[in-house]
Amino acid sequence: MKPRLLDAIRERPLLADGAMGTQLMLAGLEQGSCGEAWNLTHPERVLGIQRRYAGAGADCILTNTFGGSRIMLNRHSNGDLAAAVNRAGVEIARAAFGGRPGFVIGDVGPFGGLMEPYGEFSETEVREAFGEQARALVEAGADAVIIETQTSLEELLLGIRAAKDAGAPCVIGSMAYDVTLDGSTFRTMMGIDPERAAAFMEEHGADIVALNCGTGMDMKRARQAVLRYRQATSLPVMVQPNAGQPKLVDMKVVYDETPAQMCAGVVPLLEAGASIIGACCGSTPEHIAAFRKAMDAYAHQTL
Ligand SMILES: [Zn+2]
């Protein structure tokens, strides 16, 4: 039997992958077009990116299905492809490991709008879209499902429930925090702080609490979040910070933290107790390779 993700992180911390969106752009995806559809139309390009992450030493690869819910796909008139896009996403991520052991984490991003009464989407629509996506990911063999870049507990809960109802072997809830203007703390756009998110996720049956993306959430802030999560919950913690702050250069968003700069934050994250470390926007296979070295050196030193 293949090892379960939750068993594996009791043995050692795991390395996840880096950004997909910014890598898809480098591979020729136009800004604003549907990157998830590439799972069907250009699977070799998605595989090429994920193979580089596997080659860099990632233990976990997130599927290219961030915007793979029917509601998000509908923006590109691809809603009816939802199940196929998600199944293919799992198959490509699995293939990226080239037969070696590795964990495929099915990625569920925000549905991209607001729910009633603030927005135009009913809770039922969102529940059904997340349910369809989570079922496709689990049926295709995902080792875990991550509900990521979440800012509200209502949407997070719909995602967690969808993943659990689909029978996901492991459910990860991941919040996007923004550092406050005065720099004193961080919370999500909807005002949720890490303690509240962690307690909420534990109460609703998530297996791992996580953070990803956000604004100003560098490796140091991620470490603070790990410590705060661990004060609030005994669940394992996963982090995927961005490669620094986004900057606008020639009308393009650029993340300029180098692998060496980001990598300096890896050991502090391990010491704080992070169980899975990856990276979000702007990170590359080179960042992940540097993380691998740092994690291996740390494991060797603490043997
Ligand atoms: Zn990000």
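By convention here, the first residue in the shown sequence is residue 1.
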Inspect the contact between Arg4 and Asp143 and indicate whether a charged nitrogen and a carboxylate oxygen are less than 4.0 angstrom apart. no
Common cluster, Val46/Leu40, ILVMFWY with side-chain heavy-atom separation under 4.5 Å: no
Scan Leu269, Leu270, Val266 and name whichever one has a side-chain contact (heavy atoms from CB on, under 4.5 Å) with Tyr298. Leu270
Under 4.0 Å between a Lys/Arg side-chain N and an Asp/Glu carboxylate O for Asp7 and Arg10? yes
Establish, yes or no, whether a centroid distance under 6.0 Å links the rings of His204 and Phe200. yes
Donor-acceptor pair, side chain of Lys247 and main chain of Asp256, under 3.5 angstrom: no
Please answer whether the main-chain N or O of Tyr177 pairs with a side-chain N or O of Thr188 as donor and acceptor at a distance below 3.5 Å. no
With the 4.5 Å side-chain cut-off for hydrophobic clustering, are Leu47 and Leu29 part of the same group? yes
State whether Arg292 and Asp59 are salt-bridged, where the test is any N-O pair (Lys NZ or Arg NE/NH1/NH2 against Asp/Glu carboxylate O) under 4.0 Å. yes
Where Phe291 and Ala279 come nearest, the two heavy atoms and their spacing: CE2-CB, 4.3 Å
Assess the side chains of Thr233 and Glu202: does a donor N or O sit below 3.5 Å from an acceptor N or O? yes
Side-chain heavy atoms of Arg161 within contact of Leu158, under 4.5 Å: no
Between Asn212 and Cys280 (side chain of the first, backbone of the second, donor and acceptor by atom type, cut-off under 3.5 Å), is there such a pair? no
Nearest heavy-atom pair of Gly216 and Val179: which atoms, and what distance? O-CG2, 3.3 Å
So, do Cys281 and Cys213 sit near enough that their side-chain heavy atoms are less than 4.5 Å apart? yes
Would you confirm whether Glu257, through its side chain, and Asn242, through its main-chain N or O, come within 3.5 Å as a donor-acceptor pair? no
Just by distance, do the side chain of Tyr229 and the backbone of Ala210 share a donor-acceptor pair under 3.5 Å? yes
Starting from the C-alpha separation in whole Å, work towards a yes-or-no answer on side chain to side chain contact (heavy atoms under 4.5 Å, CB included) for Ile105 and Ile172. CA-CA 9 Å; Ile105 301 181; Ile172 307 169; 4.2 Å; yes
Any heavy-atom pair between the side chains of Pro241 and Met219 that's under 4.5 Å? yes
Ignoring hydrogens, what is the shortest heavy-atom contact between Asp193 and Arg228? Give both atom names and the distance. CB-NH2, 4.0 Å
Salt-bridge test for Glu139 and Arg135: reply yes if a basic N is under 4.0 Å from a carboxylate O, no otherwise. no
Side chain to side chain, Asn39 and Leu81, heavy atoms closer than 4.5 Å: no
